[in-house]
**Student:** 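Here it is: the structure, laid out below.
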Amino acid sequence: MFSQLFLYELKQSLRVKEIIFWNLAFPIILSTLFFLTVSNIDSSDVVKEIPVAVQDQELWDILEGIEVDSGAKLYTRAVDGDFEEMLKKGEIDGIVTKEDEDYQVLINRDGTNESILINTIDLITHQKNLVNDIVTEAMEENLDPSRLSVLSEHSAYETVEIKNVMNASEQKTMNVYYYSLLAMVCMGASSLGVTSVVRTNTFGDMEVSKRLAVSPVKRSKILYSLLMAALVTSLGQVLISLTYMRFVLGIDFGNRYGYLLLGIVFGTAMGIMMGMTVALLVKAGTGVLIGINTGIYIMSSFFAGLMFGGIPSLVESTMPIINRINPGSVLYRYFFSLYYYDNSSIYLNRLGNIIILMAGFLVLVTILVRRRENESL
């Protein structure tokens, strides 16, 4: 029965022209417009030196050691003057301060240098925390002190691995828009999540809702067959968009396509779960639900940098929690890291963020579906 429902709903999903347009045709059109209008920006936006004001000497020792291809230092340090005034005048690109054990980055605009600085600090912080966790765990297990001292000497500060962030000649600044677009395509699967719930709603305004309402099959089984059909349909749309951007437009997404596909699968599933959650929480007609969902995922895409590429960096420097709970930002940060970093722990950490959000939506969907089943008794 499940397989029959799945195949039937798969065919139905492919017949919804509006969703096919917005989830497939629109991303292809938008990526083409990006390519035609901004593809030449990188040729005139090469990173040379990034002037910064750094409060912590230990952090500066790390930044000072980062070089570009030519062997020149990537960062220069401002040591005297009114740093905030210098930042306003554009004499420095950022101010890095230290509060307790956390670094804070203050920027005045959103550009290539600012993005590189924020992501460098993000990576250093991540590796520092990773090593600290290892040391703490080892101490709790009464590890030999001599081994602990060796581990401390090889702290994350001394093993920073940054790929294209340091390789200015290879960095493609405008790729941030394509990462955001890829995140938006995954989030677009939420539309199918909405229609999946509406189709199983006893009081839904779709004709199929009435037929499914009198079906002897449990509504939860019908809903999860719809979910699987929506996932397969959405993955197909995302992969077609990715193939177009990679092989037709020639956009470089790095060489970690295994990790990329993992992010697409979990990100698309998260998008569907988000749409189902919206439809289960709000009692309204199909058009209203799709409108609310569209507004949510467009706003999510905005914070992921689709409309303005510097937004993720700005949010990271002011309210970083948004980049951890906003589905679009979480996906963007994951795709972004695949291109910029040579560190699998970063990928897995950010993939874990996606999975946690997806699991949260799944728990909500399960609870709300059971509640609706009880209400219909």
Side-chain angles (χ1 to χ4, degrees), residues 1-27 183-215 217-241 264-301 327-328 358 361-362 364-373 375-376:
M1 178 60 72
F2 181 86
S3 60
Q4 292 177 338
L5 285 170
F6 169 75
L7 291 174
Y8 173 76
E9 297 304 334
L10 184 61
K11 293 178 182 177
Q12 293 301 312
S13 299
L14 295 172
R15 292 173 182 171
V16 184
K17 296 180 181 178
E18 294 83 0
I19 292 179
I20 293 295
F21 172 79
W22 289 108
N23 292 2
L24 180 59
F26 181 70
M184 190 199 78
V185 178
C186 293
M187 295 299 299
S190 59
S191 300
L192 282 173
V194 170
T195 58
S196 296
V197 171
V198 172
R199 289 165 67 84
T200 60
N201 186 359
T202 306
F203 305 102
D205 51 11
M206 289 185 174
E207 286 298 323
V208 70
S209 301
K210 300 178 177 62
R211 295 198 299 271
L212 292 175
V214 297
S215 170
V217 183
K218 287 185 64 175
R219 192 180 303 174
S220 58
K221 181 179 287 188
I222 295 174
L223 184 59
Y224 288 121
S225 67
L226 287 168
L227 188 154
M228 291 304 299
L231 180 60
V232 171
T233 302
S234 299
L235 283 176
Q237 294 168 348
V238 177
L239 291 176
I240 290 173
S241 298
I264 287 173
V265 171
F266 285 111
T268 301
M270 178 178 65
I272 293 172
M273 296 294 178
M274 186 186 79
M276 295 177 75
T277 302
V278 170
L280 287 166
L281 283 173
V282 181
K283 293 184 178 181
T286 305
V288 174
L289 288 174
I290 290 179
I292 293 172
N293 176 73
T294 301
I296 291 173
Y297 98 75
I298 286 180
M299 182 61 66
S300 179
S301 299
M358 183 195 71
F361 283 127
L362 180 59
L364 277 174
V365 167
T366 302
I367 293 172
L368 294 170
V369 166
R370 288 182 177 177
R371 180 181 296 177
R372 283 206 174 184
E373 283 185 338
E375 288 175 354
S376 65

**Student:** Mind checking whether Ser191 and Asn293 have side chains closer than 4.5 Å, heavy atoms only?
**Tutor:** yes
**Student:** Can you tell me if Ser300 uses its side chain to pair, donor with acceptor, with the backbone of Ile296 under 3.5 Å?
**Tutor:**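 No, the answer is negative, given that no donor and acceptor are paired below the 3.5 Å cut-off.
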**Student:** For residues 268-278, run the donor-acceptor check on the side chains, cut-off 3.5 Å, and write out each pair with its distance to 0.1 Å, sequence neighbours left out.
**Tutor:**
residue	atom	partner	partner atom	Å
Thr268	OG1	Ile264	O	2.7
Thr277	OG1	Met273	O	2.8

**Student:** For a quick test of reading the model, state the closest non-hydrogen atom pair linking Trp22 to Phe26 and the distance between them.
**Tutor:** O-CB, 3.6 Å
**Student:** Can you find a pair of side-chain heavy atoms, one from Thr195 and one from Ile290, that are under 4.5 Å apart?
**Tutor:**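 The answer is yes; the side chains approach within 4.5 Å.
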**Student:** Rounded at 0.5 Å granularity, tell me how far CE in Met228 sits from OG1 in Thr233.
**Tutor:** 10.5 Å
**Student:** Please report the shortest heavy-atom distance between Ala189 and Ser234, naming the atom on each side.
**Tutor:** CB-OG, 3.3 Å
**Student:** Please identify which of these residues, Ile367, Thr366, Val365, meets the side chain to side chain contact (heavy atoms under 4.5 Å, CB included) condition with Val369.
**Tutor:** Val365
**Student:** Hey, does Ile20 have a side-chain heavy atom less than 4.5 Å from the side chain of Gln237?
**Tutor:**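 In short, these two side chains touch, coming nearer than 4.5 Å.
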**Student:** Quick one: CD1 on Ile298 to CE on Met184, what's the gap to the nearest 0.5 Å?
**Tutor:** 8.0 Å
**Student:** Could you give the distance from OG1 (Thr294) to CG (Leu289), rounded to the nearest 0.5 Å?
**Tutor:** 10.5 Å
**Student:** Measuring from Leu364:CG to Leu281:CG, what's the distance to the nearest 0.5 Å?
**Tutor:**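 Taking CG in Leu364 and CG in Leu281, the distance rounds to 7.0 Å.
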**Student:** Minimum heavy-atom separation for Gly188 to Asn23, with atom names?
**Tutor:** O-ND2, 3.0 Å
